[in-house]
Protein chains: 2
Amino acid sequence: MARTPQPTDAELRLLKVLWERGGSTARAVLEALPARRKVGYTTVLKILQVMEEKGLVSVDRGARSHVYSPRAGRGPTMRRLVADFVQRTFDGATDEMLVHLVDGRALDDAALNELEARVAALRGREEDR
Amino acid sequence: MARTPQPTDAELRLLKVLWERGGSTARAVLEALPARRKVGYTTVLKILQVMEEKGLVSVDRGARSHVYSPRAGRGPTMRRLVADFVQRTFDGATDEMLVHLVDGRALDDAALNELEARVAALRGREEDR
DNA sequence: CATGACGTACGATAGGTGTCGTACGTTGGA
DNA sequence: TCCAACGTACGACACCTATCGTACGTCATG
């Protein structure tokens with residue numbers, strides 16, 4: 001069976017709003033969109049309808065204004081997007097991706113600490129084997 | 001002035017061949033393509049022609065078979081692709097991207113060492129300020 | 001010198017995406 | 001009650017991408 005497809009860019013923008021706000025009407029999503037990204041109301045509605053067809057959101061048609069909710073969580077969705085990108089762009093070479101990402105980029109201390117902790121944790125797990 | 005556009009997926013596949021082999025004819029690129037990715041000869045030629053229009057490759061029309069060469073290096077191109085992806089997907093939050101990337105993924109010791117070294121280098125630079 | 005292999009140019013196509021416009025139904029308040 | 005505001009459904013559109021088919025030129029060699 002084919003998995004539910006990846007969200008497109010426009011779809012991802014709306015999903016971010018839904019993850020943030022929880023179930024929302026089309027109008028609520030429209031109004032929560034970042035100012036730079038304003039778009040027509042019917043555009044938002046259309047994208048939500050397409051996402052429902054694709055299985056990316058569920059919809060409650062109880063009230064007059066339908067309420068849309070994300071089907072998949074933010075974490076798993078993002079992970080799939082990242083995995084696909086690494087596959088497409090680096091033929092799956094995660095380490096190379098990491099190098100490009102860390103290099104020449106502004107990461108604050110907190111981010112570096114977080115990263116080191118995760119690296120340490122991973123290393124520990126490898127040594128267990 | 002608008003910068004030269006990002007390569008699409010199909011274009012990137014051909015660019016990888018050009019980076020690997022250096023300047024090549026359409027036929028050479030076709031034959032160097034991974035077996036799983038075989039495609040018609042005119043498809044390859046067309047993509048190369050489109051890339052020339054976009055400024056992604058240069059072409060030497062001296063010989064009967066034109067020779068195509070990448071205009072930008074692999075490193076800068078990949079960096080731009082990664083930066084765009086992080087922007088689109090994580091609204092520029094590189095640290096979050098890193099977390100998703102490192103988490104639950106098979107990185108061997110060498111990759112972890114490399115990563116730690118880069119983190120250390122970055123940390124050093126920050127402390128200089 | 002004729003012909004087949006090779007090469008290029010160019011148009012066509014199918015599928016996907018992002019954006020709306022329009023038609024039409026519903027509903028709450030003047 | 002009735003109409004303006006709100007909501008949905010649906011089709012249209014322009015733009016990209018990826019892929020190929022066809023027309024046509026050239027060149028070497030039998």
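What you see is a predicted model, and the numbers here were worked out from it, not measured in a lab. Order of the sequence lines sets the chain letters (A, B, ...), proteins ahead of strands, with each chain counted from 1. Values reported hereafter were calculated over all heavy atoms of this structure, with side chains retained and with hydrogens, waters and symmetry mates removed.
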Exercise. Counting only heavy atoms not in A:E31, do more than 12 sit closer than 6.0 Å to its CD atom?
Worked result: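 Yes.
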For this session: List in numerical order all residues of residues 42-51 of chain B for which some heavy atom is under 4.0 Å away from an atom belonging to DNA chain D.
Result: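 Contacting residues: B:T42, B:T43, B:K46.
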Problem set entry | Any residue of residues 9-36 of chain A with a heavy atom less than 4.0 Å from an atom of DNA chain D |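 When residues 9-36 of chain A is checked for heavy atoms under 4.0 Å from DNA chain D, the hits, listed by number, are A:R27.
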Problem set entry | B/S/- contact track for nucleotides 25-30 of chain C, protein heavy atom under 4.0 Å | BBS---
Problem set entry | Boundaries of the DNA chain D segment in contact with chain A, non-hydrogen, under 4.0 Å |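 Contact boundaries, 5' end first: D:dC6 to D:dG11.
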Donor-acceptor contact present, side-chain [X] to main-chain [Y], <3.5 Å:
X	Y	value
B:K16	B:R74	no
B:S24	B:G22	yes
B:K54	B:T4	no

Exercise. How bent is the helix from C:dC1-D:dG30 to C:dA30-D:dT1, comparing axes over its five end pairs at each side, to the nearest 10°?
Worked result: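 Between the first-five-pair axis and the last-five-pair axis there is 30°.
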Minimum heavy-atom separation for [X] and [Y], please, with both atom names.
X	Y	value
B:F85	A:L81	CZ-O, 3.7 Å
B:A26	B:L45	CB-CD1, 4.0 Å
A:P70	A:L18	CD-CB, 3.7 Å
A:I47	A:A10	CD1-CB, 3.8 Å

Exercise. Quick one: are B:T25 and B:L30 in side-chain contact, heavy atoms under 4.5 Å?
Worked result: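 Answer no - side chains too far apart.
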For this session: Report yes if at least one side-chain N or O of A:K54 is closer than 4.0 Å to OP1 or OP2 of C:dT17; otherwise report no.
Result: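 Indeed, a polar side-chain atom of A:K54 lies that close.
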Exercise. Got a sec, which residues hit side-chain hydrogen bond (donor to acceptor under 3.5 Å, both in side chains) with B:R80, two or more places apart in sequence or on another chain?
Worked result: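 side-chain hydrogen bond (donor to acceptor under 3.5 Å, both in side chains) list for B:R80, sorted by chain: empty.
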Problem set entry | Separation of B:R71 CZ from B:T77 OG1 (nearest 0.5 Å) |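 Going from OG1 on B:T77 over to CZ on B:R71, the span is 12.5 Å.
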Exercise. What is the distance from atom CG of B:L101 to atom CE of A:M97, rounded to the nearest 0.5 Å?
Worked result: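 B:L101 atom CG to A:M97 atom CE measures 5.5 Å (nearest 0.5 Å).
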Exercise. What residue among A:L56, A:V29, A:L48, A:V17 forms side-chain contact (heavy atoms from CB on, under 4.5 Å) with A:Y68?
Worked result: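 In the set A:L56, A:V29, A:L48, A:V17, the residue that makes a side-chain contact (heavy atoms from CB on, under 4.5 Å) with A:Y68 is A:L48.
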For this session: Examine A:V44 and A:V50 and state if one hydrophobic cluster contains both, with Ile, Leu, Val, Met, Phe, Trp and Tyr joined whenever side-chain heavy atoms are less than 4.5 Å apart.
Result: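 Different clusters: A:V44 never reaches A:V50 through Ile, Leu, Val, Met, Phe, Trp or Tyr contacts under 4.5 Å.
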Problem set entry | Connected via hydrophobic side-chain network under 4.5 Å: B:Y41 and B:V67 |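 No; B:V67 is not reachable from B:Y41 via cluster members.
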